[in-house]
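These notes concern the structure reproduced below.
Since this is a predicted model, take the numbers as computed values, not measurements.
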Amino acid sequence: MHNQWDVELSFEEDGVHTGCDARLTGARAPGLSAHGESIKSADDRPLARIGEEVAASRALESLSRKLRAQATGEIEDEGHRPGYLIY
């Protein structure tokens, strides 16, 4: 069996704040999404790439936590007992 999920990242930026929305896509993807943000300090040089990297990493961390929580809940539902994921 082959299954593929893709992560789609989209950014919004106003010169100070950078927001990133991350979402899982694919025929059998769980349909989760998350948001991350970064804020440029007044002392920082205007490098949009850095703000995007920080916002994306925060969005992906949040997406990872949501995915792990969903998997844990499904394990608990299947076994009618607490689920413990080891990673």
Next on the checklist: Tell me if a side-chain donor or acceptor on S62 pairs with a main-chain N or O of A59 at a distance below 3.5 Å.
Outcome noted: no
Item to check | Verdict with reasoning, T25 to W5, per side-chain contact (heavy atoms from CB on, under 4.5 Å) | outcome: CA-CA 6 Å; T25 61; W5 298 354; over 6 Å; no
Checklist entry - How about I50 and E52: do any of their side-chain heavy atoms sit closer than 4.5 Å? => result no
Checklist entry - Which salt bridge (Lys or Arg N to Asp or Glu O under 4.0 Å) pairs, counting each pair once, include a residue from residues 13-33, with sequence neighbours left out? => result E8-R23
Next on the checklist: Would the distance check show the side chain of S64 and the main-chain N or O of L60 forming a donor-acceptor pair, the cut-off being under 3.5 Å?
Outcome noted: no
Checklist entry - Taking C-beta and beyond as the side chain, do L63 and L24 meet within less than 4.5 Å on heavy atoms? => result yes
Next on the checklist: I'd like to know if the side chain of K66 and the backbone of S33 have a donor-acceptor N/O pair within less than 3.5 Å.
Outcome noted: yes
Checklist entry - Partners of R49 by salt bridge (Lys or Arg N to Asp or Glu O under 4.0 Å), sequence neighbours excluded? => result E53
Checklist entry - Can you name the nearest heavy-atom pair linking G19 to A55, along with the distance? => result C-CB, 4.4 Å
Checklist entry - Hey, quick one: are V7 and F11 part of the same hydrophobic cluster, counting side-chain heavy atoms closer than 4.5 Å, chains of contacts allowed? => result yes
Next on the checklist: With a 4.5 Å cut-off on side-chain heavy atoms, are S38 and R58 touching?
Outcome noted: yes
Item to check | H17 side-chain N/O to E37 backbone N/O, donor-acceptor pair under 3.5 Å | outcome: no
Item to check | Gap separating the CD atom of Q4 from the CG atom of D6, nearest 0.5 angstrom | outcome: 4.5 Å
Checklist entry - Which atoms form the tightest heavy-atom contact between P30 and Q70, and what is the distance? => result CB-NE2, 3.4 Å
